[in-house]
There are 2 protein chains.
Amino acid sequence: MTTLSTKERILNSTENLIAEHGFAELSIRKISQQAHTNLAAINYHFGNKQQLIEHVLERRLNNLFQVREKMLHDLNQGNSAMACNLEQVLHAFIAPALYMINDRHQGGRVFMKVLARAYAEQSESLHHLLSTRYTPIIKEFAEAIHLACPELPRETIFWRFHFIIGALTYTMGDFGASSRAKQMPEHEYFNKSVEELIKFGVASLTADVNS
Amino acid sequence: MTTLSTKERILNSTENLIAEHGFAELSIRKISQQAHTNLAAINYHFGNKQQLIEHVLERRLNNLFQVREKMLHDLNQGNSAMACNLEQVLHAFIAPALYMINDRHQGGRVFMKVLARAYAEQSESLHHLLSTRYTPIIKEFAEAIHLACPELPRETIFWRFHFIIGALTYTMGDFGASSRAKQMPEHEYFNKSVEELIKFGVASLTADVNS
DNA sequence: TCGCAATTCAAACGATTGTTTTAATCGCTA
DNA sequence: TAGCGATTAAAACAATCGTTTGAATTGCGA
């Protein structure tokens, strides 16, 4: 049970507290209390509060992006001759978030709330970290979408992919609240969300384009 | 110039500070400083910090919802016999936010960032305020969409409208950052956003439905 | 088992937080 | 203009914040 290192316990507690109460109420005293460690341990291991938050984001963001890129890469291998299916591309982008959330022992579900909040918080450093990390992978997926839908103007792809990411981010942050409102088990609500989100993305990208 | 009442200056300053630096860095000392008033004036006029934040949200939210409902109502009057156009319905939902943002003398553009952050912050009281306010108008628009697209299952409408709201919310919060990244004037970027967002919503709702 | 580095701990630092108190000032009516 | 309620102002309150300090403790290689 508590075979986790102090560093890991601090990261997990930070993640939980951000997800539950947001950045505004986050304090390193609450973190150290929930992590069953000392105040100074946080500064000892992470330097300061800001760097701790960045570690929380980086830890899982790196993993999420790697999984997404691997799934997209595998897709390209399988369909080397022809452009790959649009639904598969969107699946490669959305599903890794699903896996992350369902893998409760990794605490990914909590992290997606953190991510949604980090977006909205938009403190200069956080936003810079997120945008520099996100930009390359977004370009890769936009290119894959272009191959799947060559008739779509690149600008249209840019906008609609942007909106799909928005719908995904919003849905992630909405968790708990929406599933409670619908009196549905959270994991069931999530599976439904991803399924509907992919259909939604495909629909928005394959509809007729006429101004 | 400074013909505004103390109450209004406090509300405006709060709005600006949340939009610029988020809830985490918001303090009533910064608010009173920017509003050129005294610390105690905030507690005198609004009770406490939490109630002040709620006033900031309510002030413009009420106006936004009223405009949306009026536009939807006018639409129903004009097309009483037949179901009204889907694009018009989405326009009635999205455009009021546009007007709000473009009307700089009302400071609406700033408020949309506040709204996007309030969503992500998800402190119990804020989220409760937003969801209780939002639920009725969402039901109204979902019904209008149903009339415009009677062949779409109600559940599909629910999900896709939810995603469209997500894309809208995300885009609002993204402002400034994205327009700066694209080296585009903010108002131009916004007009483009709304235009693309409506096309995006129509596309996602009118595409063929096959699981 | 000794010794040293890594880690944890309690305590205090200065700064800032939201709120309250008490006095001064304003604006309007009688 | 006198007086009174509404508003603003300065100051202090207790609480909490992030960070630092220096000593105590741990764990592991020699």
Side-chain angles (χ1 to χ4, degrees), chain A residues 1-59 114 117-118 121-126 128-129, chain B residues 1-59 114 117-118 121-126 128-129:
Chain A
M1 176 121 188
T2 1
T3 171
L4 295 172
S5 71
T6 303
K7 247 178 147 173
E8 287 171 316
R9 286 199 322 262
I10 291 174
L11 287 172
N12 290 340
S13 297
T14 307
E15 208 170 55
N16 283 323
L17 285 171
I18 295 174
E20 280 180 39
H21 303 112
F23 284 96
E25 298 180 20
L26 184 69
S27 78
I28 63 173
R29 278 180 170 81
K30 291 178 192 165
I31 294 170
S32 68
Q33 190 173 341
Q34 186 169 110
H36 297 99
T37 184
N38 191 270
L39 247 182
I42 292 178
N43 297 79
Y44 174 77
H45 285 288
F46 298 98
N48 58 31
K49 186 187 180 184
Q50 184 62 34
Q51 289 175 40
L52 165 61
I53 294 175
E54 289 172 10
H55 269 90
V56 169
L57 291 177
E58 297 238 25
R59 176 173 64 153
V114 174
R117 293 194 171 179
E121 190 59 27
Q122 217 157 313
S123 81
E124 287 74 27
S125 61
L126 273 195
H128 179 262
L129 185 152
Chain B
M1 176 117 189
T2 0
T3 172
L4 296 173
S5 71
T6 304
K7 246 178 148 174
E8 288 171 315
R9 276 182 292 132
I10 291 174
L11 287 172
N12 290 340
S13 297
T14 307
E15 207 170 55
N16 283 323
L17 286 171
I18 295 173
E20 279 180 41
H21 303 112
F23 285 96
E25 298 179 23
L26 184 69
S27 78
I28 63 172
R29 277 180 171 80
K30 291 178 191 166
I31 294 171
S32 68
Q33 191 174 341
Q34 187 171 109
H36 298 99
T37 184
N38 190 269
L39 247 184
I42 293 178
N43 297 80
Y44 174 77
H45 285 289
F46 299 98
N48 58 29
K49 186 186 179 185
Q50 184 62 35
Q51 290 176 41
L52 165 62
I53 294 174
E54 289 172 11
H55 269 89
V56 169
L57 291 177
E58 297 237 27
R59 176 174 63 153
V114 173
R117 293 195 171 178
E121 189 59 26
Q122 216 156 314
S123 81
E124 287 74 26
S125 61
L126 273 194
H128 178 264
L129 185 151

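Below, each value reflects all heavy atoms present in this structure, side chains not excepted, and no hydrogens, waters or symmetry copies. Naming convention: chains lettered A, B, ... in sequence-line order (proteins, then strands); numbering from 1 in each chain.
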- request: Begin from the C-alpha positions of A:Glu25 and A:Glu20 and carry the test side chain to side chain contact (heavy atoms under 4.5 Å, CB included) through to its verdict.
  value: CA-CA 10 Å; A:Glu25 298 180 20; A:Glu20 280 180 39; over 6 Å; no

message: Between B:His21 and B:Leu26, is there a side-chain heavy-atom distance shorter than 4.5 Å?
response: no

- request: Please state whether the phosphate of D:dC17, meaning OP1 or OP2, lies under 4.0 angstrom from any side-chain nitrogen or oxygen of A:Ser27.
  value: yes

- prompt: Which whole-number value in Å describes the distance from B:Gln33 CD to C:dG18 C1'?
  reply: 16 Å

- request: Please indicate whether A:Glu58 has more than 12 foreign heavy atoms, meaning atoms of other residues, nucleotides or ligands, lying under 6.0 Å from its CD.
  value: yes

message: Expressed as a whole number of angstroms, how long is the span from A:Asn43:CG to D:dG22:P?
response: 16 Å

message: Check whether A:Ser13 reaches the backbone of A:Ile10 with its side chain - one donor and one acceptor, N or O, closer than 3.5 Å.
response: no

statement: Of A:Lys30 and B:Ala41, the one whose nearest nucleotide on DNA chain D sits closer to the 5' end is B:Ala41

query: For C:dG18, does OP1 or OP2 lie under 4.0 Å from any side-chain N or O of B:Asn48?
result: no

query: To the nearest Å, how far apart are B:Gln51 CD and C:dG18 P?
result: 15 Å

Candidates D:dT8, D:dA12, C:dA10 - which lies nearest the side chain of A:Ala40: C:dA10

task: Check the distance between C:dC9's P and A:Ile10's CD1 and give it to me in whole angstrom.
output: 10 Å

query: Quick one: are A:Asn48 and A:Ile28 in side-chain contact, heavy atoms under 4.5 Å?
result: no

message: Side-chain N or O of B:Thr6 versus OP1/OP2 of D:dT8: is the shortest distance under 4.0 Å?
response: yes

Residue-phosphate contact under 4.0 Å: A:Asn38 side-chain N/O, C:dA10 OP1/OP2: yes

message: Does A:His55, at its NE2 atom, have more than 12 non-hydrogen atoms belonging to other residues, nucleotides or ligands within less than 6.0 Å?
response: no

query: Which listed nucleotide (D:dT19, C:dT17, C:dC9) is nearest to the side chain of A:Arg29?
result: D:dT19

message: Taking only side-chain N and O atoms of A:His45, does any of them lie within less than 4.0 angstrom of OP1 or OP2 on C:dT8?
response: yes

- request: To the nearest Å, give me how far apart CG (A:Leu26) and P (D:dT19) are.
  value: 11 Å

query: When the distance from NE2 of A:His21 to C1' of D:dT16 is rounded to whole Å, what number comes out?
result: 17 Å

message: Which nucleotide wins on minimum distance to the side chain of B:Leu39, given the candidates D:dA11, D:dC17, D:dA6?
response: D:dA11

field: Atom pair distance, as rounded to whole Å: OH in B:Tyr44 and P in D:dA10
entry: 17 Å

task: Tell me what B:Leu52 touches on the nucleic acid: a base, only sugar-phosphate, or nothing, going by heavy atoms under 4.0 Å.
output: nothing

query: If you pin B:Ile28 and A:Lys7 to their nearest nucleotides in DNA chain C, which one's is more 5'?
result: A:Lys7

task: Mind calculating the distance between CZ (A:Phe23) and P (C:dT17) to the nearest angstrom?
output: 19 Å

message: What's B:Ile31 touching, base or sugar-phosphate or nothing? Going by heavy atoms closer than 4.0 Å.
response: nothing

field: Short side-chain N/O contact to D:dA9 OP1/OP2 from B:Thr37, under 4.0 Å
entry: yes

